[in-house]
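This report refers to the structure that appears directly beneath it.
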Amino acid sequence: MSAETPVVSNFLRNIIDADLAANKFASRRWGGGPGDAASHAAGVADPAKIRTRFPPEPNGYLHVGHAKSICLNFGLARDYDGVCHMRFDDTNPEKEDQEYVDSILDAIQWLGFGWDKFGQSHLYHASDYFGFMFRAAEYLIEAGHAYVDQQTAEEMRVNRGDFTTPGKDSPFRNRPAAESLALFHEMRDGKHPDGSMVVRAKIDMASPNINMRDPAIYRIRHAEHHRTGNQWCVYPMYTFAHPIEDALEQITHSICTLEFEDQRPFYDWLLARLAEGGLLADPLPHQYEFARLNLTYVITSKRKLMQLVNEKYVEGWDDPRMPTIVGLRRRGFTPEAIQLFCERIGVTKSDTWIDYSVLEGALRDDLEEKAARAMVVLDPLKLKLTNWDTLFGANHAEPCSAPVHPHHEEMGKREFNLTREVWIEREDFQEVPEKGFRRLFPDNMARLKYGYVIKCTGCEKDAEGNVTAVLAEIVPDTKSGTPGADSVKVKGVITWVSASEGLSAEVRLYDRLFTEAQPDAGGRNFLEVLNPDSKRVVTAYVEPGLAQTTAGTSFQFERHGYFVADRKECGADRLVFNRTVTLKDSWGK
RNA sequence: AGGGGAGUCGCCAAGUUGGUUAAGGCAUCGGAUUUUGAUUCCGACAUGCGAAGGUUCGAAUCCUUCUUCCCCUGCCA
């Protein structure tokens, strides 16, 4: 898909182009896997022109916002003959779980990306670097760049100062390195309870950048880690761990979101210190920040998504209304549509809102090309062909044929029968037509798609005056595909399903989850603007050929939109379809 | 208030060593095609680049001032 989509320049591509042009990475070595300066020095010239990484914390499900980052990082690596490392940033044992690891890996592969490149897998875990990180912290302490602080969390907070007030040095700040080192070892050995002490980088308590006011780099957590078990009771903080992870993996461009901009000075400070100590070597990785995705009508906060699931506003993480990758997938999104969306929105440093319709547009553009067509009636009203018996005989079934895809003959034909009674959409009949209406109304002609032109003669009503059936006559010799098909010109085309041969199916009509473009704008509780009609379930009639539908297959239900056979509940015994997105409708329903 | 960022068409977004008519996409609006009011195809769509000054033969690009919005005071990431 990217072959036909011209690549649009962005600030990251410009940076990479400049780096490459300057031969900035010419001396890079690759030790065959993540490692310190010595191990890479002993390796080979790095076969990867650049290295990026996608580093989720395995504490939740991936969503459309992550998709932007995934497409960016894996996409750049692909385009520049580099590699993107799949890395779990699992430095907080209390929040993480293997279940999330599995779902994340699955989501990325589904999106169309992988981490095997240059003959090896690049699936990494921050927890594999705990040993090095511990050594790095020891080095920092020994070199006078870090210390063990025994202030309480509250004392630390107060002494950090605020935006206008410089912080105050901790009373432990200048304790001898040997004392800090001994305490750090005691921390590791489980001699101290959670929260009793912490290792802090020694930088500048008066820095205007609060992240430089002696940030905590190691804390005590007597917790079982999903990968390292009980091997450790001290764990590195993100601030400290992330730059090291990047360096050990020889990442060239460490791309993260805007809120980490203030963290970059520490990122550079840390790597420079470790390079001084010989633990790391140039060229060191650099951090670049881009604006995360803001999508209207969508919420991506982990906490809020969790709330939607836990409080049953939706039916799980893979509910088709959820912006999670599993939700989008079940809704009928394709990986290509999501990739197209990411290409269209671009990458910048300006914090913007993308309208939900852009996502829908990309989806339609992808599905239009590949979805098989089918005729389905979602809101059935019976149509009686009153001259059927005299024309064909009551029990006759008239075979009709239609292309699987109007622009792709090679996809073949589908066959179904026209019978004396068919289902049509209730909205396709108006006893008194509104201006511009071209479908069925008394004395008007329209075509039953792929069948005959019919002339509406009236309707039947119940005691309350509700229309219960539409009456029409077939106009002879107008069957689609026959020489006389165009002898009568009509403006309206009606989709239909044989009343006697059509199959019934459960169809879920999904709509956006919220009624406001920015559900949590201005501190509003997003639950107050949940769309009560985000899911409507109808029993529809579908053409007989859909009987053998495979779960996960996408269709265009003609004149309605794109639908997908639900991957969990659609089976041979029960047809279940999810509406992925409607067709564009310039007439307005 | 201190620090860090961002403001180019309705929504995104190229363009920044200053130099012809400010890319492109989405949306929108015309028109053609169409057995999906879909698709497709043609065409239209910023004398303007947050604002005001200034430098210059020439500025979205340089300078000055102003303005709006976003992020930062977890032993989360």
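Quick note on labels: first sequence line is chain A, next is B, and so on, each numbered from 1.
- Base engagement by Thr164(A) is indicated by at least one non-hydrogen atom pair under 4.0 Å involving a base atom.
- If you check every strand for non-hydrogen atoms under 4.0 Å, Gly492(A) touches nothing.
- At a threshold of 4.0 angstrom between heavy atoms, the contacts of Arg213(A) with the nucleic acid are absent.
- We find that Glu425(A) and Lys449(A) are not joined by a salt bridge, their nearest charged nitrogen and carboxylate oxygen being 4.0 Å or further apart.
- For His225(A) and Phe130(A), the distance between ring centers is under 6.0 angstrom.
- For Glu369(A) against U39(B), a side-chain-to-base donor-acceptor contact under 3.5 Å is absent.
- Residue Gly436(A) is in base contact, counting any heavy-atom pair closer than 4.0 Å across all strands shown.
- Within 4.0 Å of Glu96(A), counting heavy atoms only, lies no atom of the nucleic acid at all.
- Between the side chain of Asn209(A) and the base of G4(B), no donor-acceptor pair under 3.5 Å is found.
- On the P atoms, U68(B) is 14 Å away from A51(B), given to the nearest whole Å.
- For the pair Arg87(A) and Tyr124(A), the cation-pi criterion (under 6.0 Å, within 45° of the ring axis) is not fulfilled.
- Residue Phe437(A) is in base contact, counting any heavy-atom pair closer than 4.0 Å across all strands shown.
- Within the 4.0 angstrom heavy-atom criterion, only backbone atoms of the sugar-phosphate kind lie near Lys349(A); the bases stay farther away.
- Note on Arg447(A): a base of the nucleic acid sits closer than 4.0 angstrom, heavy atoms only.
- Of the two residues near RNA chain B, Tyr238(A) and Thr482(A), the one whose nearest nucleotide lies more 5' is Thr482(A).
- With hydrogens and angles ignored, no donor-acceptor pair closer than 3.5 Å exists between the side chain of Arg364(A) and the base of U39(B).
- Gly481(A) comes within contact range of at least one nucleobase, with a heavy-atom separation under 4.0 Å.
- Within 4.0 Å of Gly195(A), counting heavy atoms only, lies at least one base atom of the nucleic acid.
- Taking the 5.5 Å centre cut-off and the 30° plane limit, the aromatic side chain of Trp353(A) is not classed as stacked on C11(B).
- Residue Pro406(A) is in base contact, counting any heavy-atom pair closer than 4.0 Å across all strands shown.
- Comparing Pro208(A) and Glu57(A), the nucleotide of RNA chain B nearest to each residue sits closer to the 5' end for Pro208(A).
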